[in-house]
Structures are given as C-alpha cells and as structure tokens.
Amino acid sequence: MPPVKRNNIPLIFLFGPTGVGKTALLDSLFSEGFSVINADSKQIYRHLDIGSAKPEPELVARIPHYLVDILDPWEDFSVGQFVHRADEAVEDILSQGRIPVISGGTAFYFKHFLYGLPESPKSSPEVRFFVQREVETHGQEWAYRRLEEVDPLSAAKIHRNDTYRLTRALEVWEATGRPLSSYRVPSVPREGLKPLIIGLTRDKEELAERIELRVELMVEQGLMEEIDSLLAMKATPEWPGMQGIGYQEYFTLKREGQWSLDAFKALIVKNSIKYAKRQMTFFRSIEGVTWMNPEETESIQALVDDYLS
RNA sequence: GGGGAGGUUCCCGAGCGGCCAAAGGGGGCAGACUGUAAAUCUGUUGGUUAUUCCUUCGAAGGUUCGAAUCCUUCUCUCCCCA
C-alpha cells in the first residue's frame with residue numbers, strides 16, 4: 001500500500017538550493033531515528049560522487065539513505081520513478097519506526113511527490129525518439145503548428161521555442177491519441193500527506209561564496225579524476241548523468257576549444273549560481289514552506305520537534 | 001618622437017546624420033514548469049508625472065532643422081615604426 005492511503009504520515013521535506021548546506025544539516029539534526037530519501041536527480045547515479053556533491057560515505061553509513069547510487073549515469077530516470085520509489089522508501093522507513101526525510105534540490109521531484117503524479121502517461125523512448133526526429137526534419141515551426149492542431153490547449157501554454165515541452169506534448173499525442181492537456185494534473189497535496197516542508201535559504205552573496213569554495217574543494221577532492229574515470233566508461237554529454245553541473249561544463253569547454261581548469265571551475269560556479277536561482281523560483285511556488293537559514297539549527301530543531309509531537 | 005586602430009548603456013560588442021534609450025550576446029532581476037527537470041523555456045534590464053519629458057554613446061567646443069554617427073582641440077587605451 002502506498003503511503004497515500006494513510007493519514008498524517010510523519011514526513012519531513014528538506015529542500016534548498018545547491019550549496020545551501022543541506023547535508024551538514026542532515027548530519028546535525030537528523031542523525032538519530034531518521035532515514036533520508038534523496039531527492040536530487042543527479043545523486044541517484046553511481047560514479048557521480050564529487051561533482052554531484054553526494055554525501056560522504058561516512059554520513060550515508062550513519063544515516064540510512066535511499067535513492068542514492070541506484071542507477072548508472074547512462075540510464076534514464078524520471079519523476080514518475082522517483083515518486084514510486086520514494087513512496088516505497090517511505091513505507092520501508094516507517095515500518096522500521098523511523099522518520100523519513102526527503103532531502104534534495106530537485107524541486108520538480110518534490111512537487112510531484114507532494115501533489116502526486118499527473119495522469120499523463122510515462123514517456124515512451126521509442127515514440128519520443130520518433131517525435132524528436134520529426135521535429136528535426138520538419139522544424140520547430142512545423143512542430144508547433146502541429147501541436148496547435150492536435151492539442152491547442154497545450155500549445156497555448158507551451159512556448160514555441162520550448163523544444164523540450166513541445167516534443168513531450170507531441171509524444172503524448174502520438175503515443176496515446178489523446179492530447180496532453182486532457183490528462184488531469186493534481187493541484188492539491190496527496191491525501192493524508194501533511195509533511196513538514198523546510199526550505200533552506202541563504203543570503204545571495206553568501207551562497208555564491210559557498211558555491212565557489214565548494215567547487216574549489218571538488219577539484220581538490222578529485223573531480224578531474226572522477227571525470228577521467230567516467231570518460232574511461234565512454235561517457236558522452238548525452239548521458240543523463242553527464243548533464244549535471246560539474247560534468248556538462250567539461251564537455252562544453254572541450255567542444256568549444258576553451259578548456260582550462262580555471263575556465264572549468266568558473267563555469268561550474270556560474271552555472272551553479274544560476275541553477276540555485278531557478279531552484280528558488282520553483283520552490284517559492286510551492287505552498288506551505290517554512291523558510292529557514294541552515295545556521296538556525298535550534299529553530300529548525302524546535303520546528304521538527306513540534307511537528308513530530 | 002612618427003604612423004595606425006580605437007574609447008558605446010553593468011560587461012563584451014553592433015551602429016557611423018533622422019526610423020537610436022541605441023542590434024546581438026553575457027551578466028543581473030523576475031517568471032514558467034503534465035513522467036529527460038543540475039533539463040527546457042519566457043519576460044525584463046537609464047530615469048520618469050510613463051504613448052510624455054529628461055539624462056546617456058571618453059571630454060569640451062563646433063557644423064546641422066536634427067549628431068553616438070560629420071569637423072576641431074584635448075584626453076585615455078592598444079598595435080606598429082623609432
């Protein structure tokens with residue numbers, strides 16, 4: 001039985017932009033009686049340890065972690081799989097009498113875990129590939145006009161330049177014969193789900209400094225060696241795992257002939273800061289978040305205690 | 001000392017008499033987000049009493065109905081010859 005059926009399951013969400021200090025907080029506040037479910041779309045991959053800022057093995061050994069290292073970096077993953085697996089993890093954790101903490105930076109995962117998945121079907125790789133080729137051969141304009149015909153509602157919501165969403169909408173149409181917009185999308189949290197949602201935030205400048213330091217540290221810890229070993233596995237920029245910040249920059253700079261370690265670090269910092277901003281934008285749209293600075297451990301502790309009592 | 005190129009809005013960079021508050025890119029800010037989401041995409045970015053007026057294209061002066069665009073002098077930067 002998925003936890004959806006149960007009422008008022010204790011569940012803590014811990015979200016924050018990259019570099020805000022989630023892992024440190026886990027260590028200090030959730031080491032006793034809690035288990036962590038990773039909600040970070042890159043930390044699910046094996047071999048992406050340093051670049052994805054995965055928690056130290058030592059921490060993982062002390063606090064049980066779910067959904068870390070479950071796939072190889074060339075394998076596809078999706079929100080759907082996340083929600084299903086996270087539901088299972090929640091069950092498992094509760095059955096052990098522990099409290100689940102969903103922690104990570106992928107707001108999209110949080111959102112759909114909280115509200116439940118849309119009714120639209122999961123992606124079909126074959127159909128997607130077919131549609132991608134159609135869009136390539138006939139062009140973006142053609143694709144958009146086609147969507148306007150088969151699914152005007154989606155067309156109105158999707159910008160004509162948004163290849164990604166355009167492709168998905170056409171994919172759903174091709175695969176099911178139904179417009180994407182005909183599938184219901186949940187707008188309220190799932191039944192019985194009343195999590196404590198802690199949003200971690202920090203001053204912009206401070207966050208940027210932390211990101212710079214962290215990138216420096218990643219390189220010291222062997223980010224280049226990690227990339228080398230991925231390349232030895234024949235990693236390409238198309239691998240889902242390689243689209244993470246800290247990896248994509250390697251391919252970008254090599255492709256542009258602009259490679260240097262300094263340029264690499266600078267680009268990672270820049271992309272991380274921009275990503276942090278997008279994360280905040282997304283997360284601000286989720287209701288019921290209690291925003292805290294990770295330094296305020298006592299207040300957060302009090303918040304958690306109060307929620308669990 | 002001589003010759004050449006150039007100084008444009010936060011940055012890079014286009015514009016080279018009116019259609020220029022000034023293309024494009026970057027960055028900033030704001031936003032979207034229906035199974036790839038560390039992805040993908042959008043808006044905005046001199047001030048304002050806001051379909052108007054003001055300030056802005058190194059500085060000062062000039063030509064012109066009108067200048068970032070033409071002329072003069074000054075100033076700074078880069079390159080070449082000494």
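Numbers restart at 1 for each chain; the letters A, B, ... are given by sequence-line order, proteins then strands.
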For A/Asn293, the side chain to side chain donor-acceptor pair (under 3.5 Å) test, sequence neighbours excluded, returns none

Side chain to side chain donor-acceptor pair (under 3.5 Å) filter on A/Gln221, not counting sequence neighbours, yields none

Here the side-chain hydrogen bond (donor to acceptor under 3.5 Å, both in side chains) pairs for residues 20-32 of chain A, sequence neighbours left out, are A/Asp27-A/Arg62

Looking at [X], does any N or O in its side chain come under 4.0 Å of the phosphate oxygens OP1/OP2 on [N]?
{"X": "A/Gln243", "N": "B/U40", "value": "no"}
{"X": "A/Asn161", "N": "B/U40", "value": "no"}
{"X": "A/Ser120", "N": "B/G35", "value": "yes"}

For nucleotides B/C53 and B/C70, find the distance between their P atoms and express it as a whole number of Å. 27 Å

Separation of B/A37 atom C1' from A/Ile44 atom CD1, nearest Å, is 11 Å

Separation of B/A39 atom C1' from A/Phe108 atom CZ, nearest Å, is 10 Å

Note: for A/Tyr183 and A/Gln279 on RNA chain B, the residue whose nearest nucleotide lies more 5' is A/Tyr183

In numerical order, the residues of residues 162-181 of chain A whose heavy atoms come under 4.0 Å of RNA chain B are A/Asp162, A/Tyr164, A/Arg165, A/Arg168, A/Leu180, A/Ser181

Here the residues of residues 143-153 of chain A within 4.0 Å heavy-atom distance, strictly under, of RNA chain B are none

For A/Ala107 and A/Phe282, the nearest pair of non-hydrogen atoms, with its separation, is CB-CG, 3.5 Å

pair_partner(B/C20), Watson-Crick or wobble, both distances < 3.5 Å, evaluates to none

Scanning all shown strands, the Watson-Crick or wobble mate of B/G31 with both distances under 3.5 Å is B/C41

Checking A/Leu180, A/Ile158, A/Thr167 against A/Leu147 for side-chain contact (heavy atoms from CB on, under 4.5 Å), the one that qualifies is A/Ile158

Extract from the structure each pairing of a protein N or O with an N or O of nucleotides 26-28 of chain B at less than 3.5 Å, listing the distance.
from: B/G27; atom 1: OP1; to: A/Lys270; atom 2: NZ; distance (Å): 3.0
from: B/G27; atom 1: OP1; to: A/Lys274; atom 2: NZ; distance (Å): 3.2
from: B/G27; atom 1: OP2; to: A/Lys274; atom 2: NZ; distance (Å): 3.3

